[in-house]
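As a basis for the values below, the full set of heavy atoms in this structure was taken, side chains included, without hydrogen atoms, waters or symmetry mates.
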Amino acid sequence: MRTKNLVKRTMPYYKKYWKSMVFDLFCAGLTTICELVLPLIIKYFTNTAIEDVSLLTVRIILTLGGTYIALRIIDAAANYYMASYGHIMGTKIETDMRRDMFNHLQKLSFTYYDSAKVGQIMSRITTDLFDITEFSHHCPEEFFIAGIKIAVSFIILMNVNVWLTLIMFAVLPLMFAVTSKVRQKMKEAFQEQRAQCGELNAKVEDSLLGIRVVKSFANETIEKEKFAQGNKSFFNVKAKAYKYMGAFSTTTRVFDGIMYILVVMVGAVFMIKGYIKPGDYVAYLLYVSTLLASVRRIIEFMEQFQRGMTGIERFAEIMDIKPDITDSKDAQALTDVKGDIEFKNVTFGYDENSVLSDINLKVEKGSSVALVGPSGGGKTTMCSLIPRFYELNSGDILIDGKSIKDITLKSLRENIGIVQQDVYLFSGSVMENISYGKPGASLEEIKKAAEMAGAAEFIEKLPQGYDTYVGERGVKLSGGQKQRISIARVFLKNPPILILDEATSALDNESEKIVQESLERLAKGRTTFTIAHRLTTVQNAAEILVLTADGIVERGTHSELLEKKGIYYNLHKR
């Protein structure tokens with residue numbers, strides 16, 4: 001992305017804090033006064049002393065000295081504001097950008113997360129935005145200060161000696177031309193560094209989340225080797241970036257030295273020839289020092305500038321991903337849900353791989369439908385289409401006669417409860433995890449939901465009861481306990497439509513019996529879709545669908561399908 005476009009992307013974030021920004025720039029202007037005034041004072045002292053030292057009275061010295069001290073006090077106060085509140089303003093902008101990125105990530109569908117690496121996303125939302133604080137604060141500030149110093153210094157220097165000034169400024173274009181090439185290489189290196197940092201984060205996350213698998217296979221050595229490889233790649237990228245930083249810094253120092261010695265030598269010749277006074281020559285050298293310091297500061301700031309640009313670019317890459325599932329213009333909230341569901345000629349596939357083709361199905365309110373069949377037949381995919389986790393390739397799904405495309409996503413998903421095989425519990429207490437089904441629920445409601453899910457008994461035996469910390473992903477609880485908490489969560493939500501995705505397949509016999517009883521209570525009076533490999537859990541379903549790669553190949557009740565002696569019969573027999 002072009003730098004100009006990236007800078008434009010940050011402009012809206014300044015709008016909210018424009019007063020702080022204006023005052024920060026005002027303070028930046030004040031800090032330049034001392035540096036610009038001091039050479040004038042020295043020039044006056046030197047020229048006056050050479051012409052007639054008696055004109056240089058103690059009163060004049062004290063007055064000018066006192067003025068400079070007063071300016072220094074103002075400079076200190078202005079610098080304090082810039083260093084504290086200026087950075088706070090930058091932090092606010094960084095915080096706003098991080099908030100917007102997280103909110104945007106919440107809008108993206110499963111399609112994005114199916115191929116994205118969480119470690120890369122974490123790197124973008126944390127590390128990549130760290131430099132935004134420095135960039136958003138220092139970028140306008142540094143350019144503003146440098147602009148004032150260069151402009152004022154140029155005017156003053158031109159008044160002192162035109163030819164000497166033109167000679168010096170003639171070198172600046174060459175300096176910027178050479179450093180711009182190195183700067184571009186540095187920018188590319190920073191981009192590669194950020195990408196590699198994301199890859200390293202992804203490797204670490206993958207290894208730590210799978211630490212139980214790692215240890216069970218005694219494969220710590222393999223994980224160490226994988227990390228060492230990623231760590232070395234990250235080192236190589238950073239080393240390359242630092243080499244370009246070194247080249248950039250060296251180039252600026254060389255040109256800085258050339259310009260300064262050029263002014264010293266030419267100025268000395270001009271002073272011998274009488275083209276410039278000694279006091280003017282001293283003042284000129286001081287202004288040149290100020291000018292070159294400003295130019296050098298801007299050039300060196302480009303390192304920080306490029307870091308900020310890289311962070312903004314990676315921020316923009318995420319923000320530019322368009323959610324493929326959004327509310328239509330005329331979408332309406334789903335209310336008074338009965339639970340009638342209809343699939344009309346539904347076709348869906350991931351990328352170019354077709355999973356479901358021309359599916360037609362009607363499910364009446366309050367009835368239960370079971371989906372069985374071999375793995376990869378599309379059972380979970382079919383149920384994931386009802387809450388619109390994925391967009392249909394063609395066809396439509398209706399709830400109470402309304403197309404899910406004409407229903408707001410929030411209201412659609414608020415009316416659907418899902419109990420999955422792989423239960424996800426958030427890091428927090430039992431109470432917090434159950435209340436996720438209905439934020440703001442009372443303790444009485446939470447306890448009632450837990451009781452309905454058959455979870456109250458074991459919860460009350462926990463060390464802190466409902467306040468017990470469940471650990472990362474619920475690691476401190478058994479599989480059956482986690483499943484019952486997830487069922488309690490759905491009980492609390494109380495949705496009219498229910499999806500049970502292999503909710504008991506990973507449990508032992510005793511836990512399965514308890515959970516199955518909970519699920520039967522949960523499914524009562526709701527339109528229920530049950531995905532199961534254990535056929536004993538779906539024998540009482542009103543209708544059983546056998547789903548394969550060819551679509552729905554068999555349908556009927558348990559007894560009807562056994563009589564057909566087809567695929568279901570063979571599955572049951574096995």
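More than 12 heavy atoms of other residues, nucleotides or ligands lie within 6.0 Å of OH in Tyr469, so this atom counts as buried by the packing criterion. Within a 6.0 Å sphere centred on CD of Gln332, other residues, nucleotides and ligands contribute 12 heavy atoms or fewer. Atom CE of Met122 has 12 or fewer neighbouring heavy atoms from other residues, nucleotides or ligands inside a 6.0 Å radius. Surrounding CD of Gln229 are at most 12 heavy atoms belonging to other residues, nucleotides or ligands under 6.0 Å away. Heavy-atom contacts from other residues, nucleotides or ligands closer than 6.0 Å to OH of Tyr113 number more than 12.
Here the side chain of Ser442 pairs a donor or acceptor atom with the backbone of Glu445 at under 3.5 angstrom. Side-chain atoms of Tyr390 do not come within 3.5 Å of backbone N or O of Ile325 as any donor-acceptor pair. When atom types are taken as modelled, the side chain of Arg413 and the backbone of Arg388 share a donor-acceptor pair closer than 3.5 angstrom.
Note: Tyr13 and Phe315 have perpendicular aromatic rings, judged against thresholds of 30 and 60 degrees for the angle between ring planes. Aromatic ring orientation, Phe305 versus Phe143: perpendicular (interplanar angle above 60°, classes split at 30° and 60°). Ring planes of Phe426 and Tyr424: perpendicular class, angle over 60° (limits at 30 and 60°).
How far NZ of Lys402 is from CG of Asp396: 14.0 Å, rounded to the nearest 0.5 Å. Atoms CD1 and CG, from Ile485 and Leu477 in turn, are 5.0 Å apart once rounded to the nearest 0.5 Å. We find the OG1-CZ distance between Thr31 and Phe144 to be 9.0 Å, quoted to the nearest 0.5 Å. Expressed to the nearest 0.5 Å, how far CD of Glu414 lies from NZ of Lys410 amounts to 4.0 Å. Distance check: Ile418 CD1 to Thr380 OG1 gives 10.5 Å after rounding to the nearest 0.5 Å.
In summary, Glu444 and Lys447 do not engage in a salt bridge, as defined by a charged side-chain N under 4.0 Å from a carboxylate O. Salt bridge status for Arg124 with Glu317: present, with a side-chain N to carboxylate O gap under 4.0 Å. Salt bridge annotation for Lys405-Asp327: absent, with no cationic side-chain nitrogen under 4.0 angstrom from a carboxylate oxygen.
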Practice problem: Show your working on side chain to side chain donor-acceptor pair (under 3.5 Å) between Asp96 and Tyr17 and close with a plain yes or no. | Solution: CA-CA 11 Å; Asp96 290 347; Tyr17 310 108; 2.7 Å; yes
Practice problem: Kindly indicate, with the supporting measurements, whether the criterion side-chain contact (heavy atoms from CB on, under 4.5 Å) is fulfilled by Val337 and Asp400. | Solution: CA-CA 7 Å; Val337 183; Asp400 294 345; 3.7 Å; yes
Practice problem: Please step through side-chain contact (heavy atoms from CB on, under 4.5 Å) for the pair Tyr350 and Thr381, ending with a clear verdict. | Solution: CA-CA 10 Å; Tyr350 300 101; Thr381 297; 2.8 Å; yes
Quiz prompt | Stepwise side chain to side chain donor-acceptor pair (under 3.5 Å) test for Asn103 and Arg98 | solution = CA-CA 9 Å; Asn103 291 347; Arg98 184 172 289 113; over 6 Å; no
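Aromatic pair Tyr85/Phe23: ring centres not closer than 6.0 Å.
Just one of Gln193, Glu192, Glu188 meets the side-chain hydrogen bond (donor to acceptor under 3.5 Å, both in side chains) condition when paired with Lys240; it is Glu192.
Between Leu334 and Ser411, the closest heavy-atom pair is N-OG, 2.9 Å.
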